[in-house]
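Reviewing the structure listed below.
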2 protein chains.
Amino acid sequence: MTTPGRGLHGRVLDTLGPAITAGEYPPGSVLRTDELAQHFEVSRSVMREAVRVLESMHLVESRRRVGVTVRPKAEWNVYDPQVIRWRLAGADRPHQLRSLTVLRSAIEPVAAGLAAQHATAEQCAELTECALGMVANSRGHKLEQYLVHDIAFHRVVLTASGNEMFARLGDVVAEVLAGRTHHEVMFEDPDPAAVTLHVRVAEAVRAGDASRAEELTRQIAVGALQELDILAP
Amino acid sequence: MTTPGRGLHGRVLDTLGPAITAGEYPPGSVLRTDELAQHFEVSRSVMREAVRVLESMHLVESRRRVGVTVRPKAEWNVYDPQVIRWRLAGADRPHQLRSLTVLRSAIEPVAAGLAAQHATAEQCAELTECALGMVANSRGHKLEQYLVHDIAFHRVVLTASGNEMFARLGDVVAEVLAGRTHHEVMFEDPDPAAVTLHVRVAEAVRAGDASRAEELTRQIAVGALQELDILAP
DNA sequence: GTGACATATAAGTCTGACTTTTTGCGGCTG
DNA sequence: CAGCCGCAAAAAGTCAGACTTATATGTCAC
């Protein structure tokens with residue numbers, strides 16, 4: 001994670017960001033820099049820096065003689081990892097989790113297909129190692145260890161795809177997977193079918209079989225969607 | 001586009017952002033706030049605000065006693081529309097265009113499938129209207145008019161998917177399509193096959209046929225990939 | 001060589017004064 | 001009464017300067 005205490009303005013953002021993304025200040029609300037500065041007991045300069053950051057995330061808009069107005073949700077930079085984290089920590093966590101899982105279901109199969117074409121020998125080795133780690137921890141309440149390998153697996157696939165946009169989703173996927181284990185439906189042990197699929201994806205990538213890697217990953221995605229009742233079972 | 005002159009710090013970003021994303025300051029480079037402020041002839045407060053924004057995009061990291069260091073490309077928030085615009089305007093425009101097109105090819109088919117399930121009657125009407133507009137302007141050097149309808153079409157599909165993450169890619173797709181018409185391979189007239197596919201997607205969405213909408217959109221995506229020689233023809 | 005300590009450096013913070021833009025009101029005019 | 005113009009207030013924006021804090025690095029003793 002990004003360090004939380006990277007300056008006073010960061011401390012302010014840790015409170016204000018979640019508040020806005022949680023809808024505590026509904027869209028159209030008008031804030032004033034001076035009042036906020038007083039409320040958070042920081043100087044105006046610090047407050048201005050915080051507002052600038054929120055502005056760059058399209059969460060708010062600052063206009064002269066008006067103040068700092070909260071923008072409608074549809075305009076937010078929802079791909080900003082910081083925004084994602086704030087929303088995952090807040091009230092619309094379930095909604096955010098669904099959006100992200102659907103996004104994953106679109107991206108990861110394609111990424112796996114590309115990985116089969118572009119993965120280096122080293123990446124293939126990492127992948128099988130991750131898959132084996134998942135197998136080894138798939139039974140007997142070793143959920144934390146399992147999670148570590150699961151996250152690593154998906155991160156390697158996204159990176160090996162060779163597409164920078166896909167690669168940057170590694171953190172997001174990590175957040176989703178961690179969330180599932182820690183807050184959502186927490187199975188006693190992971191679904192054995194899912195574990196097997198991961199192993200087979202690793203094999204397909206190693207074999208350079210793009211369409212098989214893609215199809216298998218699609219099946220993993222379907223499983224994730226079903227877990228959230230997005231697809232009929 | 002976002003208004004260019006939203007304050008002095010914005011003016012600074014318009015120069016500094018493109019410079020960094022273009023690799024003019026290679027990763028690891030160290031800048032100093034005071035020097036930058038002098039160079040851009042602004043006060044330190046303004047410069048600090050600009051640095052904060054760059055920091056929130058993960059383009060730079062500011063540390064005491066060290067300065068403002070440029071982060072490696074792999075850590076940038078490549079989904080930030082501002083960053084995308086800077087990169088599209090700079091040297092690695094071709095590379096960025098490829099990444100984005102691959103991203104589109106993963107997302108849009110899934111989005112079209114969801115649109116077929118969730119689109120309102122109004123959205124269906126908009127979609128057919130866009131498709132007809134594309135047909136009407138597909139012959140006779142009316143590329144600009146064609147582009148407008150093409151952009152609108154894809155934006156409606158992404159919005160109608162009902163997924164906020166997909167919806168927010170509308171601007172990105174618009175940027176890519178506009179780029180293709182204005183800077184890249186500029187055909188005399190658009191490919192008739194592509195135009196037909198758009199019409200058929202509109203029909204499939206209207207009919208609520210998710211898998212057909214998805215498959216047809218996948219074909220559109222394949223065409224876009226072939227244009228950039230990402231797929232063998 | 002290793003450890004503790006001193007120092008210089010650059011970011012971080014605060015304050016107060018000033019500027020600029022913009023909204024909304026009020027009065028003027030037709 | 002409608003419409004227009006211009007004034008005044010409000011809030012963000014900008015600047016300059018003084019001060020604080022963290023920290024990388026060099027120095028010295030052991």
Side-chain angles (χ1 to χ4, degrees), chain A residues 1-17 19-20 25-72 75-76 82, chain B residues 1-17 19-20 25-72 75-76 82:
Chain A
M1 285 338 88
T2 37
T3 41
R6 66 280 190 223
L8 255 190
H9 87 282
R11 222 84 61 76
V12 171
L13 282 175
D14 288 337
T15 307
L16 197 50
I20 293 175
Y25 303 94
S29 307
V30 177
L31 315 171
R32 263 153 313 168
T33 314
D34 291 17
E35 280 187 12
L36 288 173
Q38 276 190 20
H39 178 261
F40 289 105
E41 298 178 315
V42 295
S43 68
R44 289 193 322 266
S45 2
V46 168
M47 198 61 226
R48 286 172 86 351
E49 287 170 26
V51 168
R52 285 283 175 264
V53 173
L54 294 174
E55 206 176 19
S56 87
M57 296 169 174
H58 274 67
L59 260 44
V60 302
E61 190 185 359
S62 178
R63 272 167 50 199
R64 274 181 149 129
R65 167 62 214 243
V66 171
V68 178
T69 56
V70 178
R71 300 186 107 154
E75 296 176 12
W76 297 351
Q82 183 85 105
Chain B
M1 285 339 85
T2 36
T3 41
R6 63 283 192 224
L8 253 191
H9 86 282
R11 221 86 59 76
V12 171
L13 284 174
D14 288 337
T15 306
L16 197 50
I20 293 176
Y25 303 94
S29 307
V30 177
L31 314 172
R32 262 151 315 167
T33 314
D34 291 19
E35 280 187 13
L36 289 174
Q38 276 188 22
H39 178 262
F40 288 105
E41 299 180 312
V42 295
S43 67
R44 289 200 324 273
S45 354
V46 168
M47 197 61 227
R48 287 175 61 54
E49 287 169 27
V51 168
R52 285 282 175 262
V53 172
L54 294 175
E55 206 176 20
S56 87
M57 296 168 174
H58 274 66
L59 292 183
V60 303
E61 189 184 2
S62 177
R63 271 167 53 200
R64 273 183 150 131
R65 168 61 212 247
V66 172
V68 178
T69 56
V70 178
R71 292 187 164 214
E75 296 177 13
W76 297 351
Q82 183 85 101

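Here the structure is a predicted model, which means the values were calculated and not measured. Naming: A, B, ... by sequence-line order, numbering from 1 per chain.
Residues meeting the side-chain contact (heavy atoms from CB on, under 4.5 Å) test with B/T33, sequence neighbours left out: B/M47, B/R48, B/V68. Here A/E75 pairs with A/R71 under the salt bridge (Lys or Arg N to Asp or Glu O under 4.0 Å) rule; sequence neighbours left out. Scanning for side-chain contact (heavy atoms from CB on, under 4.5 Å) contacts around B/T15 gives B/F40, with sequence neighbours left out. Taking the salt bridge (Lys or Arg N to Asp or Glu O under 4.0 Å) definition, one finds that B/E61 meets it with nothing, sequence neighbours left out.
Counting only heavy atoms from C-beta outward, the side chains of B/V46 and B/E41 never approach each other to under 4.5 Å. Residues B/R52 and B/E55 form a side-chain contact, since some pair of their non-hydrogen atoms from C-beta on lies under 4.5 Å apart.
For B/E49 and D/dA12, the CD to P distance is 12 Å, given to the nearest whole Å. The nearest whole Å value for the distance from the NE2 atom in B/H9 to the P atom in D/dG13 is 8 Å. In this structure, the CD atom of B/E55 is 7 Å from the P atom of C/dG12, given to the nearest Å. Atom CZ of A/R32 is separated from atom P of D/dA9 by 17 Å (rounded to the nearest Å). Between the CG atom of A/D34 and the C1' atom of D/dA12 there is a distance of 9 Å, rounded to whole Å. Rounded to a whole Å, the CZ atom of A/R48 is 13 Å from the C1' atom of C/dT19. Atom pair B/R11:CZ and C/dT20:P shows a separation of 13 Å (rounding to whole Å applied).
We find the CG-CG distance between B/L36 and B/L16 to be 6.0 Å, quoted to the nearest 0.5 Å. Interatomic distance, B/H9 NE2 to B/D14 CG, rounded to the nearest 0.5 Å: 9.5 Å.
Residues of residues 59-68 of chain B having a heavy atom closer than 4.0 Å to DNA chain D, listed by number: B/R63, B/R64, B/R65, B/V66.
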For nucleotides 14-17 of chain C, print each protein N/O atom paired with a nucleotide N/O atom at under 3.5 Å, atom names and distance only.
{"unit_1": "C/dC14", "atom_1": "OP2", "unit_2": "A/S43", "atom_2": "N", "d": "3.0"}
{"unit_1": "C/dC14", "atom_1": "OP2", "unit_2": "A/S43", "atom_2": "OG", "d": "2.9"}
{"unit_1": "C/dG16", "atom_1": "N7", "unit_2": "A/R44", "atom_2": "NH2", "d": "3.3"}
{"unit_1": "C/dA17", "atom_1": "N6", "unit_2": "A/R44", "atom_2": "NH2", "d": "3.1"}

